[in-house]
Student: 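One structure, as structure tokens, below. Some questions next.
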Amino acid sequence: MSKVRLQHYIPQLILRSFTDSSGHLSCYRIKDEKFFHPKPNAVMASAWLYDEIELEEVKKGLKYLDKNNTIKKFDKAIKEMENENQYIEHSLGSSESGFGVLINNLITTRKGTILTKKSIRKNLLLMLRQLSCRSLRRKKQIESIPQERYNKCLKKYGLDDINFKNFASFLRFQELFIPSDEEKFEINYINFCGSISLAINDSETPLLFGNNAPMLKIPRTEEQLFPISPKLGIIIRRDESKSLIFRNKVDQYNNYYLNKQEIKISNILQSSDLNDIVIGPSEVIKEARKKHKSKY
């Protein structure tokens with residue numbers, strides 16, 4: 001495989017859903033308040049993002065996943081890494097291909113009934129969790145771990161031969177591919193007791209997102225909104241027994257319809273929490289930023 005320099009923390013399969021007829025995105029960089037129109041391959045990415053994870057630490061992570069060496073695919077994976085050294089980038093791309101089929105199905109049909117299937121729901125939650133670990137903010141959190149956490153994790157993993165300098169690399173690999181016990185509980189809880197629904201946007205305003213928020217927490221509720229296209233998002237709620245704040249449920253398709261005012265409020269709230277790039281029509285972004293500045 002060829003070397004991939006720009007490695008995406010927001011997958012291109014999602015970015016392509018926001019492109020115009022020419023295949024370009026409308027982006028606004030908050031730092032210098034500039035609009036630009038790149039193609040998906042040039043934005044929401046960082047140079048050699050996953051290559052920065054040390055090869056030796058990835059190998060140890062794979063061996064930790066299979067302590068008894070019973071899963072032969074890890075042996076193959078290690079050989080692949082030794083040959084081309086971009087195992088993480090390529091394996092993330094491979095896992096996204098299956099996720100892309102689900103996303104395209106949802107965008108095309110705009111029906112949430114597919115999310116009632118337990119296997120699909122669980123795979124969707126795992127992918128969303130993985131995406132939340134891939135943001136730049138998450139990467140920086142892991143790289144700045146304190147010595148105390150390092151010592152605690154060494155004891156937990158039984159990896160006394162990993163030094164502190166390289167441990168962030170190993171931990172970032174763990175965060176990308178191995179859900180913690182707490183995350184496994186959360187995924188199982190939502191899978192059986194929570195709610196996953198589609199948020200259908202019937203307005204002309206798209207759902208916006210930035211580099212640090214592949215999953216967006218909606219204020220005042222326990223919901224999380226994951227935008228997958230300008231017209232469609234995925235809503236996750238821990239407890240489906242709790243009433244929604246401003247959504248009308250459509251039981252037939254497990255969908256929620258968002259009107260123009262609701263999306264406008266959401267855009268303003270989201271733009272206040274982002275510090276890098278927002279995607280969407282320029283007039284919508286300008287209005288959201290203007291309202292945000294006047295509010296704060």
Side-chain angles (χ1 to χ4, degrees), residues 4 7-19 23 25 40-41 43-45 50 73 88-135 138 175-179 183-202 206-211 213-218 223-238 240 247 249-258 263 266 279:
V4 179
Q7 300 172 0
H8 288 72
Y9 40 87
I10 302 294
Q12 292 190 71
L13 69 91
I14 293 178
L15 294 176
R16 292 189 192 102
S17 298
F18 288 82
T19 56
L25 295 160
N41 64 343
V43 71
M44 302 294 181
Y50 306 115
K73 70 176 183 179
I88 292 180
E89 167 67 11
H90 292 149
S91 62
L92 285 172
S94 176
S95 64
E96 286 163 13
S97 61
F99 183 58
V101 174
L102 171 61
I103 293 299
N104 290 332
N105 189 315
L106 291 174
I107 292 174
T108 302
T109 63
R110 302 182 83 183
K111 294 181 180 180
T113 51
I114 189 173
L115 297 180
T116 61
K117 296 180 180 179
K118 289 289 194 294
S119 59
I120 292 177
R121 286 161 58 95
K122 193 158 188 173
N123 288 333
L124 174 66
L125 287 166
L126 286 168
M127 176 57 75
L128 297 185
R129 186 209 68 83
Q130 186 190 84
L131 287 175
S132 69
C133 290
R134 289 166 64 176
S135 72
R138 186 64 166 160
E175 295 281 350
L176 280 170
F177 291 100
I178 310 171
E183 287 168 329
K184 287 177 182 176
F185 175 82
E186 183 77 6
I187 289 169
N188 287 328
Y189 185 91
I190 295 174
N191 196 35
F192 291 101
C193 307
S195 173
I196 305 176
S197 308
L198 294 186
I200 296 179
N201 171 22
D202 281 339
L207 302 165
L208 305 182
F209 64 96
N211 71 323
M215 286 188 69
L216 298 170
K217 184 73 177 291
I218 299 178
E223 299 168 23
Q224 287 180 307
L225 174 64
F226 180 81
I228 59 175
S229 81
K231 290 288 187 180
L232 204 64
I234 296 173
I235 289 180
I236 295 178
R237 290 190 293 147
R238 285 196 81 254
E240 63 181 358
R247 294 188 175 79
K249 187 171 183 179
V250 181
D251 292 311
Q252 184 180 3
Y253 297 134
N254 195 30
N255 295 337
Y256 296 95
Y257 285 82
L258 306 178
I263 290 293
S266 180
I279 292 177

Student: So which atom in Q130 and which in S95 form the shortest heavy-atom distance, rounded to 0.1 Å?
Tutor: OE1-OG, 4.0 Å
Student: Does a side chain donor of either N105 or K111 reach within less than 3.5 Å of an acceptor in the other side chain?
Tutor: no
Student: Does T19 reach the side chain of L15, with side-chain heavy atoms less than 4.5 Å apart?
Tutor: no
Student: Nearest 0.5 Å, what's the CD1-CG distance between I234 and L198?
Tutor: 6.5 Å
Student: Test your reading of the model: is there a side-chain donor-acceptor pair from H8 to the backbone of L13, 3.5 Å cut-off?
Tutor: no
Student: Compare every heavy atom of L176 with every heavy atom of R129, then report the nearest pair and how far apart it is.
Tutor: NH2-O, 3.3 Å
Student: Between CG of L115 and CG of L102, what distance do you get to the nearest 0.5 Å?
Tutor: 6.5 Å
Student: Which residues satisfy the side-chain contact (heavy atoms from CB on, under 4.5 Å) test with N123, sequence neighbours excluded?
Tutor: L126
Student: If I take atom CG from residue L106 and atom CD1 from residue I114, how far apart are they, to the nearest 0.5 angstrom?
Tutor: 5.5 Å
Student: How many angstroms lie between CG in N191 and CD1 in I120, if you round to the nearest 0.5 Å?
Tutor: 11.0 Å
Student: Do any N or O atoms from the side chain of N201 and from the backbone of P230 form a donor-acceptor pair under 3.5 angstrom?
Tutor: yes
Student: Starting at CG of L125, measure out to OH of Y189 and round the result to the nearest 0.5 Å.
Tutor: 13.5 Å
Student: Between D202 and Y257 (side chain of the first, backbone of the second, donor and acceptor by atom type, cut-off under 3.5 Å), is there such a pair?
Tutor: no
Student: To check you understand the geometry: which heavy-atom pair defines the closest contact between P227 and I14, and what is its length?
Tutor: O-CG2, 4.0 Å
Student: Grab the two heavy atoms, one from H90 and one from V4, that are nearest each other, plus how far apart they are.
Tutor: NE2-CG2, 4.2 Å
Student: Please step through side-chain contact (heavy atoms from CB on, under 4.5 Å) for the pair M44 and L25, ending with a clear verdict.
Tutor: CA-CA 11 Å; M44 302 294 181; L25 295 160; over 6 Å; no
Student: So does Y50 get a backbone contact from the side chain of Q7, meaning a donor-acceptor N/O pair under 3.5 Å?
Tutor: yes
Student: Can you name the closest pair of heavy atoms from S17 and I107 and give their distance?
Tutor: OG-CD1, 3.6 Å
Student: Could you tell me whether E96 and R16 have a side-chain N and a carboxylate O separated by less than 4.0 Å?
Tutor: no
Student: Can you tell me how far apart CG (L131) and CE (M127) are? Round to the nearest 0.5 Å.
Tutor: 6.0 Å
Student: Check F177 against S91 and note the closest heavy-atom contact, atom names and distance.
Tutor: CZ-OG, 3.4 Å
Student: Which is it for I200 and L232 under the side-chain contact (heavy atoms from CB on, under 4.5 Å) test, yes or no, and what are the steps along the way?
Tutor: CA-CA 5 Å; I200 296 179; L232 204 64; 3.5 Å; yes
